[in-house]
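Some notes on the structure that comes next.
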Amino acid sequence: MLKFILPLVMLMKVTKDWNVVQFGVLFMSFMTGIMCCCDFWVRELGFMLGMDYISYIMVYLSFWIMSLVILSSQKIKSLKNFHSSFILVNLLLLFSLVVTFSSMDYLLFYISFEMSLIPTLILILGWGYQPERIQAGVYMLFYTLAFSLPLLGSLLLLFYKSGSLTIVLMGPELYLTQEAMIWYFCSVWAFLVKLPMYMFHLWLPKAHVEAPVAGSMILAGVLLKLGGYGLIRILVTFQAISGSFCWLWMSLGLIGGAYISFVCLRQVDMKSLIAYSSVAHMSLVLCGLMNLSTWGLSGGVVVMVGHGLCSSGLFCLANIVYERINSRSLVVGKGLLSFMPSMGLWWFLLSVSNMASPPSLNLLGEISLIISVVSWSKVSIVGLSLLSFFSAAYTLYMYSLSQHGLFFNSLFSCCSGKVQEYLILFLHWFPLNVLILSAKVLLI
């Protein structure tokens, strides 16, 4: 794993040269892609770090999204808005994500999981737009910290009971007792907040709306996946108890996802709408992971990757519009097809991917998740149909309201798009729609 971590540390020494860092992260994402590992062996072992199949996918996604984040934040460089500090914070965040996804020890996983919170908070507070960013940062900080503390106690108790915190050595050794139930909820809460599950999601729209484009892209692209990845790792130990509480998470996921879809239909802020749609997508992932089935695990991982690329691309589009018209409102920013006709194509392509249409990865993942949830209970068809229908409804609402209609009178002209912006959007869309060709490899 040192071949991933040492180049990152070296790049932190040249933060003043934006182009070198940008090229370095892109090159590292390319090298990660070359060493494709698609079996269940644990590779790159050493220093309590290692990678299996799921870790590899998440590490690759982290490098890819971070390279696009730096590419899309050129405005910070051109305005000289503390650009070297901005690069350093992003590299620290990437470092913490790589260590989190590749740690083979629960305690190291916990430390790096919490460490990723600090650079995200600095991004929101330092380069956010509105004064409300302080409130958004505090919400995110206290939601995560309050629910992560029981996880630390849970891991220390696990070490006391089993004598080891090595992830691959853990087995289903806890059975249904009252103490074990409390232990289970203490362990799972931290990841449900990070996912985020309905009722624990209040920090997410606030953080997204106040964050700069880099913060929004990395939040949607990778940080939300920490919750799903953590659940995959921790549920190995709690299989018996998790099976007993499956009904609770399924109900919360389906009902919460359907309700959040209704909330999306009344948003007028572009970023807020995309942020709430993330909660709806992640609720379906929660259902698949808590199902403890192979279909659910496969679909959950595929939807996490697909959503990471698609949602990050949509936030990038929302930022492109914001830079032109200085507003994220769908009321002010309507009729964009008249001003930015070339961007209309990218709005369409990423919107149809967001509603899980073929040939996107979201479709492949959602089919697997629907199979796993329906095989658990036939009644869940009602919640799934509501989720699927309204996911298409709010995406169409966002696309039609932003692209069509009478444009705002104070707008008279704007740049349709730069080559660099088209490149960023293409690099989001291309893997999202081409990776489905390797479905046999992706489905575990």
Side-chain angles (χ1 to χ4, degrees), residues 4 7-8 11 15 17-34 56-78 83 86-98 101 116 119-120 123-124 127 208 211-226 270-271 274-275 278 304-323 343 345-347 349-351 353-354 360-362 417-435:
F4 294 102
L8 272 179
L11 282 174
T15 51
D17 198 332
W18 184 288
N19 295 331
V20 170
V21 176
Q22 193 170 289
F23 177 76
V25 179
L26 266 169
F27 182 72
M28 284 174 71
S29 66
F30 173 70
M31 293 305 292
T32 315
I34 285 175
Y56 167 73
I57 291 172
M58 292 301 160
V59 168
Y60 191 13
L61 183 69
S62 304
F63 275 117
W64 188 256
I65 295 291
M66 187 55 80
S67 60
L68 296 177
V69 161
I70 296 171
L71 204 57
S72 61
S73 302
Q74 294 290 329
K75 195 173 181 184
I76 289 169
K77 181 193 171 188
S78 58
H83 57 285
F86 176 80
I87 285 286
L88 181 63
V89 168
N90 275 302
L91 288 175
L92 281 169
L93 180 54
L94 182 56
F95 174 79
S96 67
L97 287 169
V98 170
F101 288 132
S116 65
T120 316
L123 270 179
I124 292 171
W127 288 272
H208 270 307
V213 61
S216 291
M217 283 171 71
I218 202 72
L219 256 175
V222 188
L223 286 170
L224 296 192
K225 314 304 169 280
L226 279 173
M270 278 183 209
K271 283 182 90 169
I274 302 163
S278 297
M304 283 197 286
V305 175
H307 170 266
L309 292 163
C310 181
S311 197
S312 174
L314 282 169
F315 276 117
C316 188
L317 269 172
N319 180 67
I320 289 167
V321 172
Y322 180 74
E323 285 180 356
M343 277 296 166
L345 172 67
W346 291 107
W347 271 103
L349 290 173
L350 287 167
S351 294
S353 296
N354 195 44
S360 68
L361 270 182
N362 290 335
K418 301 169 188 166
V419 174
Q420 182 187 333
E421 289 166 349
Y422 293 136
L423 175 65
I424 297 162
L425 294 169
F426 174 75
L427 291 175
H428 277 109
W429 176 84
F430 185 72
L432 178 62
N433 287 271
V434 170
L435 279 176

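The basis for the numbers below is simple: all heavy atoms, side chains too, and nothing from hydrogens, waters or symmetry mates. Just so we're clear, the structure is a prediction, and the values are computed from it rather than from any experiment.
For the pair Gly306 and Leu361, the tightest heavy-atom approach, listed with the atom from each and the gap, is CA-CB, 4.0 Å. Across all their heavy atoms, Leu224 and Ser278 have their closest contact at CD1-CB, 3.9 Å. Nearest heavy atoms, Ala220 versus Ser312: CB-N, 4.4 Å. Closest of all the heavy-atom pairs between Ile65 and Gly308 is CD1-O, 3.9 Å. Of all heavy-atom pairs between Trp347 and Met270, the closest is CH2-SD, 3.9 Å. The two residues Val89 and Pro119 have their closest heavy-atom pair at CG1-O, 3.4 Å.
Using a 4.5 Å heavy-atom threshold, the side chains of Leu94 and Val222 count as separate. At a threshold of 4.5 Å between non-hydrogen side-chain atoms, the residues Val21 and Asp17 do not count as touching. For the pair Leu317 and Val321, the minimum side-chain heavy-atom distance is 4.5 Å or more. Taking 4.5 Å as the limit, some side-chain heavy atom of Ser116 sits within range of a side-chain heavy atom of Leu223. In this structure, Lys75 and Ser78 have side chains that are in contact, with non-hydrogen atoms separated by less than 4.5 Å. Phe63 has its side chain out of reach of Phe30: every pair of non-hydrogen atoms, C-beta onward, lies at least 4.5 Å apart. Side-chain atoms of Met66 and Met217, non-hydrogen and from C-beta on, never get closer than 4.5 Å to each other.
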Please evaluate residues Gln22 and Gln74 with respect to the criterion side-chain hydrogen bond (donor to acceptor under 3.5 Å, both in side chains), reporting the C-alpha separation (whole Å), side-chain torsions for both, the decisive distance (0.1 Å), and the verdict. CA-CA 10 Å; Gln22 193 170 289; Gln74 294 290 329; 2.8 Å; yes

Determine, step by step, whether His208 and Ile274 satisfy the side-chain contact (heavy atoms from CB on, under 4.5 Å) criterion, reporting the C-alpha distance in whole Å, the side-chain angles of both residues, the deciding distance to 0.1 Å, and the verdict. CA-CA 9 Å; His208 270 307; Ile274 302 163; over 6 Å; no

Pair Ile87, His83 - check side-chain contact (heavy atoms from CB on, under 4.5 Å), show working. CA-CA 6 Å; Ile87 285 286; His83 57 285; 5.7 Å; no

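Taking CG of Leu8 as the start and CZ of Phe95 as the end, the distance is 7.5 Å to the nearest 0.5 Å. How far CD1 of Ile70 is from NZ of Lys77: 11.5 Å, rounded to the nearest 0.5 Å. Atom-to-atom distance recorded for Leu427:CG and Leu71:CG is 7.5 Å, nearest 0.5 angstrom. The structure places CH2 of Trp429 at 8.5 Å from CG of Leu345, a figure rounded to the nearest 0.5 Å. Going from atom CG of Leu88 over to atom CG of Leu11 covers 11.0 Å, rounded to the nearest 0.5 Å. Atom OG of Ser360 and atom CG of Leu432 lie 5.5 Å apart (nearest 0.5 Å).
By the 30° and 60° cut-offs, the orientation of the rings of Phe426 relative to Trp346 is perpendicular.
Trp64 contributes no side-chain N or O that, together with a main-chain N or O of Gly33, makes up a donor-acceptor pair within less than 3.5 Å. A donor-acceptor contact shorter than 3.5 Å is absent between the side chain of Lys271 and the backbone of Ser216. Checking side-chain atoms of Asn319 against main-chain N and O of Val213 turns up no donor-acceptor pair under 3.5 Å. At distances below 3.5 Å, not a single donor-acceptor pair connects side-chain atoms of Glu323 with backbone N or O atoms of Ile320. In this structure, Asn90 contributes its side chain and Phe86 its backbone to a donor-acceptor pair below 3.5 Å.
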